[in-house]
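Proteins come first, then strands; the chains are lettered A, B, ... in the order of their sequence lines, and each starts at number 1.
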Number of protein chains: 2
Amino acid sequence: MTRQAHPADVFTAIAEPRRRQVIAVLSDGEEHAVNEIVVRMKMDQSPVSKHLSALHKVGVVTVVKRGQHRMYRLNAEGLKPVHDWVKVFERYWTHQVDQIKQRAERKALERLIRLDDGPNKKEE
Amino acid sequence: MTRQAHPADVFTAIAEPRRRQVIAVLSDGEEHAVNEIVVRMKMDQSPVSKHLSALHKVGVVTVVKRGQHRMYRLNAEGLKPVHDWVKVFERYWTHQVDQIKQRAERKALERLIRLDDGPNKKEE
DNA sequence: TTTACATATTCCTTATAAGGAATATATTGA
DNA sequence: TCAATATATTCCTTATAAGGAATATGTAAA
(Lines give C-alpha, C1' and ligand atoms only; values in the text may rest on other atoms or scores of the structure.)
Protein backbone atom coordinates (compact mmCIF):
# COMPACT_ATOMS: atom_id res chain seq x y z
CA MET A 1 0.00 0.00 0.00
CA THR A 2 2.84 2.39 -0.58
CA ARG A 3 3.26 3.39 -4.19
CA GLN A 4 -0.41 2.53 -4.36
CA ALA A 5 -3.29 4.68 -3.20
CA HIS A 6 -2.12 7.03 -0.50
CA PRO A 7 -4.77 9.53 0.54
CA ALA A 8 -4.58 12.52 -1.75
CA ASP A 9 -5.61 15.20 0.72
CA VAL A 10 -5.10 16.11 4.37
CA PHE A 11 -8.70 15.47 5.36
CA THR A 12 -8.51 11.88 4.26
CA ALA A 13 -5.04 11.47 5.71
CA ILE A 14 -6.08 12.47 9.21
CA ALA A 15 -9.27 10.41 9.06
CA GLU A 16 -7.17 7.36 9.91
CA PRO A 17 -6.93 7.01 13.71
CA ARG A 18 -3.47 5.48 13.46
CA ARG A 19 -2.29 8.48 11.53
CA ARG A 20 -3.59 10.83 14.19
CA GLN A 21 -1.67 8.68 16.62
CA VAL A 22 1.51 9.14 14.59
CA ILE A 23 0.87 12.87 14.62
CA ALA A 24 0.42 12.73 18.38
CA VAL A 25 3.82 11.10 18.75
CA LEU A 26 5.36 13.84 16.62
CA SER A 27 3.43 16.64 18.29
CA ASP A 28 6.40 17.71 20.41
CA GLY A 29 7.85 19.21 17.24
CA GLU A 30 11.04 17.20 17.55
CA GLU A 31 12.65 14.69 15.24
CA HIS A 32 11.79 11.03 15.70
CA ALA A 33 13.19 7.95 14.02
CA VAL A 34 10.74 5.48 12.49
CA ASN A 35 12.11 3.00 14.89
CA GLU A 36 11.02 5.00 17.89
CA ILE A 37 7.56 5.64 16.48
CA VAL A 38 7.14 1.94 15.88
CA VAL A 39 7.90 1.21 19.52
CA ARG A 40 5.58 3.90 20.81
CA MET A 41 2.75 2.79 18.58
CA LYS A 42 3.05 -0.91 19.33
CA MET A 43 2.60 -1.65 15.69
CA ASP A 44 4.59 -3.36 12.94
CA GLN A 45 7.25 -1.35 11.17
CA SER A 46 5.70 -1.78 7.75
CA PRO A 47 2.36 -0.08 8.43
CA VAL A 48 4.10 2.68 10.39
CA SER A 49 6.36 3.45 7.45
CA LYS A 50 3.31 3.49 5.23
CA HIS A 51 1.46 5.93 7.46
CA LEU A 52 4.52 8.16 7.61
CA SER A 53 4.76 8.03 3.87
CA ALA A 54 1.10 8.97 3.58
CA LEU A 55 1.50 11.89 5.95
CA HIS A 56 4.59 13.00 4.07
CA LYS A 57 2.72 12.94 0.81
CA VAL A 58 0.13 15.41 2.07
CA GLY A 59 2.77 17.58 3.71
CA VAL A 60 2.03 16.92 7.36
CA VAL A 61 5.52 15.62 8.14
CA THR A 62 9.03 16.18 6.84
CA VAL A 63 11.88 13.69 6.63
CA VAL A 64 15.60 14.01 7.01
CA LYS A 65 17.99 11.18 6.34
CA ARG A 66 20.45 10.92 9.16
CA GLY A 67 22.80 8.00 9.07
CA GLN A 68 20.77 4.84 8.77
CA HIS A 69 17.79 6.59 10.27
CA ARG A 70 15.05 8.67 8.75
CA MET A 71 14.06 11.37 11.12
CA TYR A 72 10.45 12.48 10.85
CA ARG A 73 9.17 15.75 12.16
CA LEU A 74 5.70 17.25 12.30
CA ASN A 75 5.00 19.95 9.75
CA ALA A 76 1.93 21.44 11.38
CA GLU A 77 1.34 23.87 8.52
CA GLY A 78 0.12 20.88 6.60
CA LEU A 79 -2.86 20.74 8.97
CA LYS A 80 -3.86 24.31 8.30
CA PRO A 81 -6.45 23.46 5.64
CA VAL A 82 -8.35 21.43 8.22
CA HIS A 83 -8.01 24.15 10.79
CA ASP A 84 -9.20 26.83 8.40
CA TRP A 85 -12.13 24.74 7.31
CA VAL A 86 -13.41 23.91 10.76
CA LYS A 87 -12.67 27.32 12.26
CA VAL A 88 -15.58 28.74 10.30
CA PHE A 89 -17.96 26.83 12.55
CA GLU A 90 -16.49 28.05 15.80
CA ARG A 91 -19.13 30.70 16.21
CA TYR A 92 -21.83 28.08 16.41
CA TRP A 93 -20.64 26.92 19.78
CA THR A 94 -18.82 29.94 21.18
CA HIS A 95 -21.78 32.31 21.22
CA GLN A 96 -24.13 29.74 22.63
CA VAL A 97 -26.41 32.15 24.44
CA ASP A 98 -27.16 34.33 21.42
CA GLN A 99 -27.43 31.17 19.41
CA ILE A 100 -30.03 29.62 21.60
CA LYS A 101 -32.06 32.79 21.60
CA GLN A 102 -31.99 33.10 17.85
CA ARG A 103 -32.86 29.49 17.53
CA ALA A 104 -35.84 29.84 19.84
CA GLU A 105 -37.08 32.73 17.76
CA ARG A 106 -36.75 30.76 14.60
CA LYS A 107 -38.57 27.82 16.11
CA ALA A 108 -41.43 30.05 17.17
CA LEU A 109 -41.67 31.38 13.64
CA GLU A 110 -41.58 27.92 12.23
CA ARG A 111 -44.35 26.83 14.53
CA LEU A 112 -46.54 29.56 13.11
CA ILE A 113 -45.77 28.54 9.58
CA ARG A 114 -46.48 24.93 10.44
CA LEU A 115 -50.04 25.86 11.35
CA ASP A 116 -50.72 26.36 7.67
CA ASP A 117 -49.45 22.90 6.94
CA GLY A 118 -51.48 21.04 9.51
CA PRO A 119 -50.10 18.81 12.30
CA ASN A 120 -46.56 17.49 12.12
CA LYS A 121 -44.38 14.91 13.80
CA LYS A 122 -40.81 15.31 14.78
CA GLU A 123 -37.94 13.00 14.30
CA GLU A 124 -34.21 12.88 14.92
CA MET B 1 -24.74 2.00 1.28
CA THR B 2 -27.15 3.11 3.94
CA ARG B 3 -27.72 0.53 6.64
CA GLN B 4 -24.29 -0.61 5.60
CA ALA B 5 -20.99 0.97 6.53
CA HIS B 6 -21.49 4.62 7.30
CA PRO B 7 -18.38 6.29 8.68
CA ALA B 8 -18.31 5.79 12.44
CA ASP B 9 -16.59 9.04 13.40
CA VAL B 10 -16.63 12.69 12.42
CA PHE B 11 -13.11 12.67 11.03
CA THR B 12 -13.99 10.03 8.50
CA ALA B 13 -17.33 11.63 7.77
CA ILE B 14 -15.80 14.96 6.77
CA ALA B 15 -13.04 13.33 4.77
CA GLU B 16 -15.52 12.93 1.93
CA PRO B 17 -15.48 16.08 -0.25
CA ARG B 18 -19.16 15.68 -1.10
CA ARG B 19 -19.98 15.67 2.56
CA ARG B 20 -18.08 18.87 3.13
CA GLN B 21 -20.10 20.24 0.25
CA VAL B 22 -23.32 19.23 1.99
CA ILE B 23 -22.09 20.95 5.12
CA ALA B 24 -21.33 24.04 3.08
CA VAL B 25 -24.90 24.11 1.83
CA LEU B 26 -26.16 23.85 5.41
CA SER B 27 -23.66 26.33 6.78
CA ASP B 28 -26.19 29.13 6.97
CA GLY B 29 -27.64 27.36 9.97
CA GLU B 30 -31.09 27.16 8.42
CA GLU B 31 -33.28 24.22 7.59
CA HIS B 32 -33.02 22.73 4.13
CA ALA B 33 -35.06 20.02 2.46
CA VAL B 34 -33.21 17.13 0.85
CA ASN B 35 -34.76 18.21 -2.35
CA GLU B 36 -33.09 21.57 -2.23
CA ILE B 37 -29.71 20.14 -1.33
CA VAL B 38 -29.97 17.77 -4.27
CA VAL B 39 -30.52 20.68 -6.64
CA ARG B 40 -27.68 22.70 -5.19
CA MET B 41 -25.27 19.80 -5.32
CA LYS B 42 -26.10 18.72 -8.85
CA MET B 43 -26.13 15.13 -7.72
CA ASP B 44 -28.61 12.27 -7.62
CA GLN B 45 -31.05 12.13 -4.73
CA SER B 46 -29.89 8.74 -3.56
CA PRO B 47 -26.26 9.62 -2.79
CA VAL B 48 -27.34 12.91 -1.22
CA SER B 49 -29.70 11.10 1.14
CA LYS B 50 -26.87 8.74 1.97
CA HIS B 51 -24.48 11.53 2.77
CA LEU B 52 -27.08 13.22 4.93
CA SER B 53 -27.68 9.97 6.71
CA ALA B 54 -23.95 9.58 7.30
CA LEU B 55 -23.66 13.10 8.67
CA HIS B 56 -26.66 12.51 10.87
CA LYS B 57 -25.14 9.36 12.26
CA VAL B 58 -22.08 11.22 13.50
CA GLY B 59 -24.16 14.11 14.81
CA VAL B 60 -23.22 16.80 12.35
CA VAL B 61 -26.79 17.41 11.19
CA THR B 62 -30.24 17.13 12.69
CA VAL B 63 -33.47 16.20 10.92
CA VAL B 64 -37.03 17.28 11.41
CA LYS B 65 -39.91 15.71 9.58
CA ARG B 66 -42.15 18.40 8.22
CA GLY B 67 -44.94 17.30 5.98
CA GLN B 68 -43.51 15.17 3.22
CA HIS B 69 -40.18 16.85 3.66
CA ARG B 70 -37.26 16.11 5.90
CA MET B 71 -35.60 19.30 6.93
CA TYR B 72 -31.91 19.03 7.65
CA ARG B 73 -29.99 21.54 9.67
CA LEU B 74 -26.32 21.81 10.54
CA ASN B 75 -25.42 20.80 14.05
CA ALA B 76 -22.01 22.43 14.22
CA GLU B 77 -21.29 21.05 17.68
CA GLY B 78 -20.75 17.76 15.93
CA LEU B 79 -17.65 19.25 14.34
CA LYS B 80 -16.14 20.22 17.66
CA PRO B 81 -13.97 17.10 17.99
CA VAL B 82 -12.22 18.04 14.77
CA HIS B 83 -11.86 21.62 15.90
CA ASP B 84 -10.48 20.64 19.27
CA TRP B 85 -8.05 18.22 17.73
CA VAL B 86 -6.59 20.59 15.18
CA LYS B 87 -6.62 23.62 17.45
CA VAL B 88 -3.71 22.15 19.37
CA PHE B 89 -1.48 22.78 16.39
CA GLU B 90 -2.40 26.41 15.96
CA ARG B 91 0.66 27.59 17.83
CA TYR B 92 2.91 26.05 15.21
CA TRP B 93 1.89 28.62 12.66
CA THR B 94 0.75 31.57 14.76
CA HIS B 95 4.01 32.22 16.59
CA GLN B 96 6.09 31.88 13.48
CA VAL B 97 8.88 34.19 14.56
CA ASP B 98 9.60 32.45 17.83
CA GLN B 99 9.18 29.19 16.03
CA ILE B 100 11.77 29.96 13.43
CA LYS B 101 14.21 31.08 16.08
CA GLN B 102 13.74 27.99 18.15
CA ARG B 103 14.07 25.88 15.10
CA ALA B 104 17.29 27.53 14.08
CA GLU B 105 18.69 26.87 17.52
CA ARG B 106 17.70 23.26 17.34
CA LYS B 107 19.24 22.91 13.91
CA ALA B 108 22.48 24.37 15.15
CA LEU B 109 22.52 21.89 17.97
CA GLU B 110 21.77 19.08 15.63
CA ARG B 111 24.62 20.11 13.38
CA LEU B 112 26.96 19.78 16.29
CA ILE B 113 25.69 16.36 17.12
CA ARG B 114 25.96 15.35 13.52
CA LEU B 115 29.70 15.99 13.63
CA ASP B 116 30.05 12.93 15.82
CA ASP B 117 28.21 10.88 13.25
CA GLY B 118 30.17 11.93 10.22
CA PRO B 119 28.75 13.47 6.99
CA ASN B 120 25.07 13.17 6.20
CA LYS B 121 22.74 13.69 3.30
CA LYS B 122 19.37 15.32 3.37
CA GLU B 123 16.13 14.30 1.80
CA GLU B 124 12.53 15.36 1.63
C1' DT C 1 33.09 -7.49 1.38
C1' DT C 2 30.34 -9.61 4.56
C1' DT C 3 27.18 -8.67 8.18
C1' DA C 4 23.88 -6.16 10.76
C1' DC C 5 20.55 -2.85 11.11
C1' DA C 6 16.89 0.65 9.66
C1' DT C 7 13.53 1.60 6.61
C1' DA C 8 10.87 1.33 2.29
C1' DT C 9 8.39 -1.34 -0.94
C1' DT C 10 5.79 -5.07 -3.04
C1' DC C 11 2.34 -8.53 -3.04
C1' DC C 12 -1.69 -10.27 -1.27
C1' DT C 13 -6.01 -10.34 1.23
C1' DT C 14 -9.58 -7.93 3.27
C1' DA C 15 -12.58 -4.06 4.93
C1' DT C 16 -14.79 0.06 3.99
C1' DA C 17 -17.40 2.99 1.54
C1' DA C 18 -18.83 5.54 -2.87
C1' DG C 19 -22.34 5.88 -6.67
C1' DG C 20 -26.30 4.40 -9.63
C1' DA C 21 -30.62 1.96 -10.54
C1' DA C 22 -34.47 0.26 -8.79
C1' DT C 23 -37.64 -0.10 -5.19
C1' DA C 24 -39.84 0.68 -0.66
C1' DT C 25 -42.02 3.87 2.48
C1' DA C 26 -44.47 7.80 4.01
C1' DT C 27 -47.28 11.77 3.35
C1' DT C 28 -50.58 14.58 0.96
C1' DG C 29 -54.26 15.46 -2.06
C1' DA C 30 -57.90 14.14 -5.40
C1' DT D 1 -58.64 4.33 -2.16
C1' DC D 2 -55.51 5.87 -5.80
C1' DA D 3 -52.03 8.93 -7.70
C1' DA D 4 -48.23 12.09 -6.86
C1' DT D 5 -44.37 13.59 -4.41
C1' DA D 6 -40.35 13.34 -1.20
C1' DT D 7 -37.12 10.63 0.77
C1' DA D 8 -34.92 6.35 2.40
C1' DT D 9 -33.24 1.91 1.47
C1' DT D 10 -31.52 -2.12 -0.96
C1' DC D 11 -28.73 -4.37 -4.28
C1' DC D 12 -24.89 -4.33 -7.08
C1' DT D 13 -20.43 -2.94 -8.82
C1' DT D 14 -16.32 -0.58 -8.14
C1' DA D 15 -12.59 2.22 -5.94
C1' DT D 16 -9.80 3.05 -2.15
C1' DA D 17 -7.00 1.95 1.36
C1' DA D 18 -5.61 -0.84 5.64
C1' DG D 19 -2.49 -4.53 7.53
C1' DG D 20 0.85 -8.47 7.41
C1' DA D 21 4.59 -11.19 5.40
C1' DA D 22 8.28 -11.17 2.71
C1' DT D 23 11.71 -8.80 0.36
C1' DA D 24 14.48 -4.93 -1.46
C1' DT D 25 17.37 -1.02 -0.51
C1' DG D 26 20.52 1.76 1.78
C1' DT D 27 23.91 2.62 5.37
C1' DA D 28 27.34 1.55 8.73
C1' DA D 29 30.56 -1.30 10.94
C1' DA D 30 33.60 -5.40 11.48
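Under a hydrophobic clustering in which Ile, Leu, Val, Met, Phe, Trp and Tyr are joined whenever their side-chain heavy atoms come within less than 4.5 Å, directly or via other members, A:V39 and A:Y72 fall into different clusters.
Looking at residues two or more places apart in sequence or on another chain, you find no side chain to side chain donor-acceptor pair (under 3.5 Å) involving B:D44. Residues passing the side-chain contact (heavy atoms from CB on, under 4.5 Å) test with A:V82 are A:V10, A:F11, A:I14, B:V82, B:V86, sequence neighbours excluded. Remark: B:H83 pairs with A:W93 by the ring-ring contact (aromatic ring centres under 6.0 Å, His included) rule, at least two apart or across chains. Under the rule for a side-chain contact (heavy atoms from CB on, under 4.5 Å), the partners of A:V25 that lie at least two apart in sequence or sit in another chain are A:I37, A:R40, A:M41. When the side chain to side chain donor-acceptor pair (under 3.5 Å) test is applied to A:H32, the partners found at least two apart in sequence or on another chain are A:D28, A:E36.
For A:Q45 and C:dA6, a side-chain-to-base donor-acceptor distance below 3.5 Å is absent, hydrogens and geometry of angles not being considered. Judged by distance alone, with hydrogens and angles left aside, A:T12 brings no side-chain donor or acceptor close enough to the base of D:dA17 to form a pair under 3.5 Å. Judged by distance alone, with hydrogens and angles left aside, B:S46 brings no side-chain donor or acceptor close enough to the base of D:dT7 to form a pair under 3.5 Å. With hydrogens and angles left out, the side chain of B:K50 and the base of D:dT10 share a donor-acceptor pair within 3.5 Å.
End-to-end axis angle of the helix from C:dT1-D:dA30 to C:dA30-D:dT1, from C1' rotation axes over five pairs per end: 10° (rounded to 10 degrees).
Across the interface with DNA chain C, nearest-nucleotide mapping of A:V48 and B:A13 shows A:V48 to be the residue nearer the 5′ end. Two residues, A:E16 and B:N35, neighbour DNA chain D, and the one matched to the more 5' nucleotide by heavy-atom proximity is B:N35.
Taking 4.5 Å as the limit, every side-chain heavy atom of A:R73 sits out of range of all side-chain heavy atoms of A:V64.
Closest to the side chain of B:A33, out of C:dG19, D:dA18, D:dT7, is D:dT7. Considering only the side chain of B:H51, C:dG19 comes nearest among C:dG19, D:dA17, D:dG19. Comparing D:dA21, C:dT27, C:dA18 by their nearest atom to the side chain of A:D44 picks out D:dA21. For A:V34, the listed nucleotide lying nearest its side chain is C:dT7; candidates were D:dA18, C:dT7, C:dT27. With D:dT7, C:dA18, C:dT27 as the candidates, the nucleotide lying closest to the side chain of B:K65 is C:dT27.
What separates CZ of A:F11 from P of D:dA17 is a distance of 15 Å, to the nearest Å. At whole-Å resolution of the value, CZ in A:R66 and P in C:dT7 are 13 Å apart. Per the geometry, NZ belonging to A:K57 stands 11 Å off P belonging to D:dT16, to the nearest Å. Between the CZ atom of A:R70 and the P atom of D:dG26 there is a distance of 9 Å, rounded to whole Å.
Between A:H69 and the phosphate of D:dT27, there is no side-chain N or O to OP1/OP2 separation shorter than 4.0 Å. Close to D:dA6, at under 4.0 Å from its OP1 or OP2, lies no side-chain N or O of B:Y72. One finds a side-chain N or O of A:R18 lying less than 4.0 angstrom from the OP1 or OP2 phosphate oxygen of D:dG19.
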